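No hydrogens, no waters, no symmetry mates; every other heavy atom, side chains included, goes into these values. Position 1 is the first residue of the sequence; numbering continues from there. Treat the numbers as computed from the prediction; the structure is a model and nothing was measured.
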Amino acid sequence: MNNIHEDINPSLYTICALINNLTKLDVEFISCNEKSSFQILNSKMLYFMQSVKKENITFIHKFLQNKLSTDCLYHTDNLGLNYIASGLFECGIYKGTIIAGPFLSNIPDTYFISNIIEKNRFPLSYKMQLQEYYNRLNILDINYCKNIGHMMINILKNPFVDCNLLFSNNKNFDINEDNNLSMEIEKTFSEIEIRYKIEKALLKAVEKGDKVDALKQANFFQFNPVHRVPNDPLRAIKNYTYSFNTMLRIAAEKGGVSPIYVHNLSDKFAILIERLSTISEIENFKIKMICEYCDLVKKMSTAGFSPVIKKAVNYINLNFHKPISLNIIAENIHVNPSHLSRQFKKETKMTITEFINRKRIDEAKFILEKNDTKITDIALMVGFENHNYFCTVFKQVTSLTPREYVNKIGNKK
């Protein structure tokens with residue numbers, strides 16, 4: 001640990017020492033004035049890793065200069081090392097960066113070390129040194145990292161106040177172990193109740209297709225399942241993410257989405273989860289899952305419709321790319337065409353033809369945004385037999401021709 005240089009702010013040094021003590025991570029302050037920079041280190045990095053670290057420090061320092069005082073950076077480098085950093089601002093002026101780390105998000109097994117050697121083109125002779133170094137590092141899950149970020153931001157945004165430490169030594173005080181145990185149990189139940197309450201609110205938001213509220217609840221939600229598979233935190237978090245996928249699937253189904261669509265999305269996510277290789281990737285993927293399930297509810301929900309209209313809407317959603325009409329739909333869902341026509345207009349405020357056309361145009365817009373497919377081919381793909389009629393309907397719905405729509409989205413990219 002460095003001695004305090006005369007240019008170093010004692011309060012700032014105490015803050016960094018506090019972060020170091022609480023997190024057990026190395027902490028550095030990189031000042032705009034080099035003389036004011038300092039390090040509080042628990043262990044020394046290997047000499048051949050120093051150049052990568054220097055590049056990291058420079059990148060993090062520059063990155064946070066133009067960010068908000070409430071922004072916290074989670075940075076992963078080519079060595080698989082993670083850092084949490086926050087900018088120090090005084091009266092809106094950037095003064096430097098506090099960086100905590102390095103730490104790991106995965107167990108540094110043989111595959112991990114081999115990958116680091118290959119990616120950085122290290123000699124194989126470094127393998128033993130690397131393994132020993134990585135084994136000394138802390139492995140932190142994303143929720144713990146968020147808490148470090150919360151702590152750093154809140155400490156830096158408030159004036160530092162030195163505590164007045166009081167001491168007490170009451171030997172006659174008799175500790176009641178039963179009471180202490182009871183208090184711990186109450187605390188545990190309270191934390192579990194809060195977590196389940198937030199989880200319930202998150203799933204309710206997904207059920208409504210409310211992406212903003214769902215993401216807000218996700219930001220509050222904290223649960224670390226690593227104790228379930230103690231020797232493999234990545235496996236533990238993947239297992240929990242599978243469960244989370246199931247919960248989101250049920251919420252979307254409650255929101256009125258046909259099981260067919262829910263199954264397809266759930267199945268896709270189940271495959272993709274297994275391909276993820278880091279804890280940070282999984283955390284980002286959970287946000288993607290929430291967004292896509294909310295979008296699915298928004299787009300495919302038949303909540304509020306009568307059973308007959310639900311069947312009609314589901315039939316259209318599944319068969320829009322084929323030749324369909326009022327009579328075909330009525331025949332397949334076993335209802336009188338005239339009754340279906342009246343009830344459909346009453347509940348959806350659209351005729352069946354208008355609904356089919358809007359569905360086809362929505363799908364065409366999606367294809368136009370994702371591919372360079374010819375417009376004539378897209379018209380056929382979404383169920384229009386005539387290119388000119390497709391263009392006419394597209395303009396009625398979007399106020400643009402397909403070509404104008406492509407140019408518009410191209411300018412936004």
Quick check: are there more than 12 heavy atoms from other residues, nucleotides or ligands sitting under 6.0 Å from NZ of Lys197?
no
Using the benzene-type ring in the case of Trp, are the ring centres of His61 and Tyr94 under 6.0 Å apart?
yes
Decide side-chain contact (heavy atoms from CB on, under 4.5 Å) for Ile117 and Leu124; before the verdict, give the C-alpha distance in whole Å, the side-chain angles of both, and the deciding distance to 0.1 Å.
CA-CA 7 Å; Ile117 290 173; Leu124 283 174; 4.2 Å; yes
If only side-chain N and O atoms count, and only distance matters, is there a donor-acceptor pair under 3.5 Å linking Glu347 with Ser306?
yes
Within the structure provided, determine whether Leu73 and Thr97 are in side-chain contact (heavy-atom separation under 4.5 Å).
no
How long is the span from the CE atom in Met49 to the CG atom in Asn56, to the nearest 0.5 Å?
10.0 Å
Set out, in order, the CA-CA distance, both residues' side-chain angles and the distance that settles side-chain contact (heavy atoms from CB on, under 4.5 Å) for Leu130 and Phe48, then state yes or no.
CA-CA 10 Å; Leu130 284 166; Phe48 54 84; 3.8 Å; yes
Between Glu283 and Lys146, is there a salt bridge with N-O shorter than 4.0 Å?
no
Can you tell me how the ring of Tyr13 sits relative to the ring of Phe38, calling it parallel under 30°, perpendicular over 60° and tilted otherwise?
tilted
Should the heavy atoms of other residues, nucleotides or ligands under 6.0 Å from NZ of Lys310 be counted, would the total exceed 12?
yes
Do Asn239 and Arg235 have side-chain atoms, one donor and one acceptor, less than 3.5 Å apart?
yes
Is a side-chain N or O of Lys365 found less than 3.5 angstrom from the main chain of Tyr405, in a donor-acceptor match?
no
With side chains defined as the heavy atoms from C-beta onward, is the minimum distance between Glu363 and Arg360 less than 4.5 Å?
no
For Lys24, is there any backbone N or O sitting under 3.5 Å from a side-chain donor or acceptor partner on Asn138?
yes
Counting only heavy atoms from other residues, nucleotides and ligands, does the tally under 6.0 Å from NZ of Lys311 exceed 12?
no
Keeping the roles fixed (side chain from Asn135, backbone from Gln131), state whether a donor-acceptor pair exists under 3.5 Å.
yes
Taking the basic N atoms (NZ, or NE/NH1/NH2) and the acidic carboxylate oxygens, is any pair closer than 4.0 Å for Glu253 and Arg249?
yes
What are the two closest non-hydrogen atoms of Phe112 and Leu79, and how far apart are they?
CZ-O, 4.4 Å
Working for side chain to side chain donor-acceptor pair (under 3.5 Å), residues Thr278 and Ser280
CA-CA 5 Å; Thr278 68; Ser280 57; 3.2 Å; yes
Would you mind reporting whether Ile324 and Asn332 have side-chain heavy atoms less than 4.5 Å apart?
no
Is there a donor-acceptor pair under 3.5 Å between the side chain of Arg228 and the backbone N or O of Ala236?
no
Count the heavy atoms of every other residue, nucleotide or ligand shown that sit under 6.0 Å from NZ of Lys359, and state whether that count exceeds 12.
yes
Can you tell if the side chain of Asn319 reaches within under 4.5 Å of the side chain of Ile329, non-hydrogen atoms only?
no
If you apply the rule side-chain contact (heavy atoms from CB on, under 4.5 Å), what do you find for Ile309 with Leu340, and how did you get there?
CA-CA 8 Å; Ile309 302 308; Leu340 176 60; 4.0 Å; yes
Rounded at 0.5 Å granularity, tell me how far CZ in Phe269 sits from CZ in Phe244.
10.5 Å
Ignoring hydrogens and angles, tell me if any N or O in the side chain of Thr302 forms a donor-acceptor pair with the backbone of Gly256 under 3.5 Å.
yes
If you compare all heavy atoms of Pro323 against all heavy atoms of Ile328, which two are closest, and at what distance to 0.1 Å?
O-CD1, 3.6 Å
Which of Leu64, Ile60, Ile19 passes side-chain contact (heavy atoms from CB on, under 4.5 Å) with Ile99? It is Ile60
Under 4.5 Å between any side-chain heavy atoms of Thr246 and Ile250, yes or no?
yes
Check for a donor-acceptor pair, side chain of Asn245 on one end and backbone N or O of Thr241 on the other, with a separation under 3.5 Å.
no
Does a side-chain heavy-atom distance below 4.5 Å link Tyr134 with Ile116?
yes
For Lys238, I'd like to know if atom NZ has over 12 heavy atoms of other residues, nucleotides or ligands within 6.0 Å.
yes
Any donor-acceptor N or O pair under 3.5 Å, side chains Ser69, Lys157
yes
Does any N or O in the side chain of Asp267 come within less than 3.5 Å of the main-chain N or O of His263, such that one atom is a donor and the other an acceptor?
no
Anything under 30° is parallel, anything over 60° is perpendicular, the rest tilted; go ahead and classify Phe122 against Tyr126.
tilted
Got Ile84 and Met152 here, is their nearest side-chain heavy-atom distance under 4.5 Å?
yes
Main chain of Met45, side chain of Gln50: is a donor-acceptor contact present, judged purely on distance under 3.5 Å?
yes
Would you indicate whether Tyr111, at its atom OH, is surrounded by more than 12 heavy atoms from other residues, nucleotides or ligands within a distance under 6.0 Å?
no
Within a strict 4.5 Å, meaning less than it, do heavy atoms of the Asp26 and Phe103 side chains meet?
no
How are the rings of Phe355 and Phe344 set to each other: parallel, tilted or perpendicular (split at 30° and 60°)?
perpendicular
Taking Glu292 for its side chain and Lys288 for its backbone only, find out whether a donor-acceptor pair lies under 3.5 Å.
no
Sidechain N-carboxylate O distance under 4.0 Å for Glu207, Lys200
no
Count the heavy atoms belonging to other residues, nucleotides or ligands that lie under 6.0 Å from NZ of Lys216, then report whether that count exceeds 12.
no
Would you call Glu132-Arg136 a salt bridge at under 4.0 Å N-O?
no
Using modelled atom types and a 3.5 Å cut-off, is there a donor and acceptor pairing between side-chain atoms of Arg358 and backbone atoms of Val397?
no
Trace of the side chain to side chain donor-acceptor pair (under 3.5 Å) decision for Glu118 with Ser114:
CA-CA 6 Å; Glu118 182 181 349; Ser114 298; over 6 Å; no
Under the side-chain contact (heavy atoms from CB on, under 4.5 Å) criterion, do Ile282 and Ile142 qualify, and how do the steps go?
CA-CA 9 Å; Ile282 294 173; Ile142 196 68; over 6 Å; no
